[in-house]
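What you see is a predicted model; the values in this text were computed from it and never measured.
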Protein chains: 2
Amino acid sequence: MSLDMLDPQVRDGINLGGLEQSLGFLLRVSQLKVFDHFFEKLGHIGLKPGEYSVLWVISHNPGIRQGQLAQSLAIKNAHMTKLIRSFEVYGFIERRIPEEDRRSVELSLTEQGEAFVARHKPDFFGYIQSLDSPLDEGETRELIRLLAKFSGISRESVQ
Amino acid sequence: MSLDMLDPQVRDGINLGGLEQSLGFLLRVSQLKVFDHFFEKLGHIGLKPGEYSVLWVISHNPGIRQGQLAQSLAIKNAHMTKLIRSFEVYGFIERRIPEEDRRSVELSLTEQGEAFVARHKPDFFGYIQSLDSPLDEGETRELIRLLAKFSGISRESVQ
DNA sequence: CATAAAATGTTTACAAGGAAACAATTATCA
DNA sequence: TGATAATTGTTTCCTTGTAAACATTTTATG
């Protein structure tokens with residue numbers, strides 16, 4: 001047991017003054033840890049988790065409107081426009097303007113896009129397993145449950 | 001109880017295909033929620049949480065080296081350089097090149113900087129309380145504990 | 001000591017992401 | 001119906017943050 005373990009606010013000789021208990025700070029640091037691990041393991045694929053998730057959701061909701069997609073992933077419309085265009089150019093996504101509402105855009109995957117999603121599903125949903133986490137399995141499940149509830153993703157948030 | 005509550009993967013009519021259980025996605029969405037609330041409540045102050053945390057840590061570690069500061073907050077050196085310069089121009093931070101190692105930079109707050117930190121401490125550490133969270137107090141404490149342990153910030157992570 | 005290597009910040013050049021203004025289309029309503 | 005408002009996505013411009021090359025200083029090595 002080292003000395004600085006006696007002082008809850010000191011880390012690596014730096015006094016964070018209670019920042020260690022701040023939800024915002026902890027979320028940021030945790031996300032960085034996950035992201036760093038992702039890049040180490042899967043950086044070579046060339047898609048980041050957020051980009052894969054765009055393909056993933058289109059795959060599960062063929063014909064989804066671009067705005068709905070953006071909203072469901074909390075990506076801004078302006079940014080989504082760029083993502084969709086580059087996927088279209090790359091040949092993973094098809095855009096269709098429906099006659100019923102010609103303002104909107106309906107998205108679906110090309111055969112190539114579907115193949116990519118299927119091939120890399122184990123990567124994007126499995127990399128987290130290879131992260132050597134200080135949490136045991138039960139704690140990890142609880143963390144996920146609490147985050148889902150907090151963020152309003154979970155049904156638990158419904159009365 | 002609505003129908004789509006029976007299907008764990010559907011939200012707002014969109015099938016996320018299990019993304020709701022992904023740690024990376026949940027961390028991102030949770031962080032966005034915290035950040036949005038911050039802006040709503042404290043956007044007028046003109047400093048974001050990460051920027052305030054720079055002042056906060058310097059205040060608790062006067063004379064801290066710029067690199068240590070960057071590391072402790074997981075901010076890259078290149079970015080820290082910009083942050084420090086703008087705080088210096090603004091009159092919140094003083095830089096000092098120590099004789100013992102003239103490559104490095106020691107940071108401290110000006111009187112103005114200290115005053116700002118003190119004045120806004122309740123804002124930056126309290127805004128989270130006003131976020132109407134679906135988590136009760138115990139759950140919030142547990143979430144913070146798990147994040148701290150996961151991210152390696154907590155002493156719990158030490159064997 | 002002199003040269004090579006490492007450490008510390010800074011600069012430059014770029015990528016990710018967002019806000020605001022915009023164009024096109026559809027809905028509202030007087 | 002015709003004008004106004006709202007919706008949907010795009011464009012433009014800007015901010016934030018990063019990577020890579022760099023300058024300076026210190027440490028290590030022959």
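At whole-Å resolution of the value, CG in A:Asn77 and P in D:dA6 are 18 Å apart. Between the CZ atom of B:Phe87 and the P atom of C:dG9 there is a distance of 17 Å, rounded to whole Å. Between the CD1 atom of B:Ile84 and the P atom of C:dT8 there is a distance of 16 Å, rounded to whole Å. Residue A:Met80 contributes atom CE, which lies 12 Å from atom C1' of D:dG9 at whole-angstrom precision. Rounded to an integer number of Å, the gap from B:Leu69 CG to C:dT8 C1' is 14 Å. Between A:Arg96 atom CZ and D:dT8 atom P there is a gap of 17 Å when expressed in whole angstrom units. Rounding to whole angstrom units, CZ of residue B:Arg85 and P of D:dG17 are separated by 16 Å. Put simply, CD on A:Gln71 is 13 Å from C1' on D:dT7, counting in whole angstrom units.
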**Message:** One character per nucleotide, please: for nucleotides 17-29 of chain C, 5' to 3', B when the base has a protein heavy atom closer than 4.0 Å, S when only the sugar-phosphate does, - otherwise.
**Reply:** BBB-----BS---

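Hydrophobic clustering places B:Val34 together with B:Phe39 (ILVMFWY residues linked when any side-chain heavy atoms are closer than 4.5 Å, directly or through intermediates). Under the 4.5 Å side-chain heavy-atom criterion for grouping Ile, Leu, Val, Met, Phe, Trp and Tyr, A:Leu55 is connected to A:Tyr90 within one hydrophobic cluster.
Taking the centre and axis of the six-membered ring of B:Phe38, the NZ or CZ atom of B:Lys48 falls outside the cone set by 45° and 6.0 Å.
Residue B:Arg95 places at least one side-chain N or O under 4.0 Å from the OP1 or OP2 atom of C:dT10. For the OP1/OP2 pair of D:dT10 and a distance below 4.0 Å, the side-chain nitrogens and oxygens of A:Gln66 include at least one atom meeting the criterion.
With sequence neighbours excluded, no residue forms a ring pair (Phe, Tyr, Trp, His ring centres under 6.0 Å) with A:His37. Shown here are the salt bridge (Lys or Arg N to Asp or Glu O under 4.0 Å) partners of A:Arg85, two or more places apart in sequence or in another chain: there are none.
The side chain of B:Thr81 lies closest to C:dT10 when the candidates are D:dT8, D:dT10, C:dT10.
In summary, the aromatic rings of A:Trp56 and A:Phe125 are positioned with their centroids under 6.0 Å apart.
Using cut-offs of 30° and 60° on the angle between ring planes, the pair B:Phe124 and B:His120 is perpendicular.
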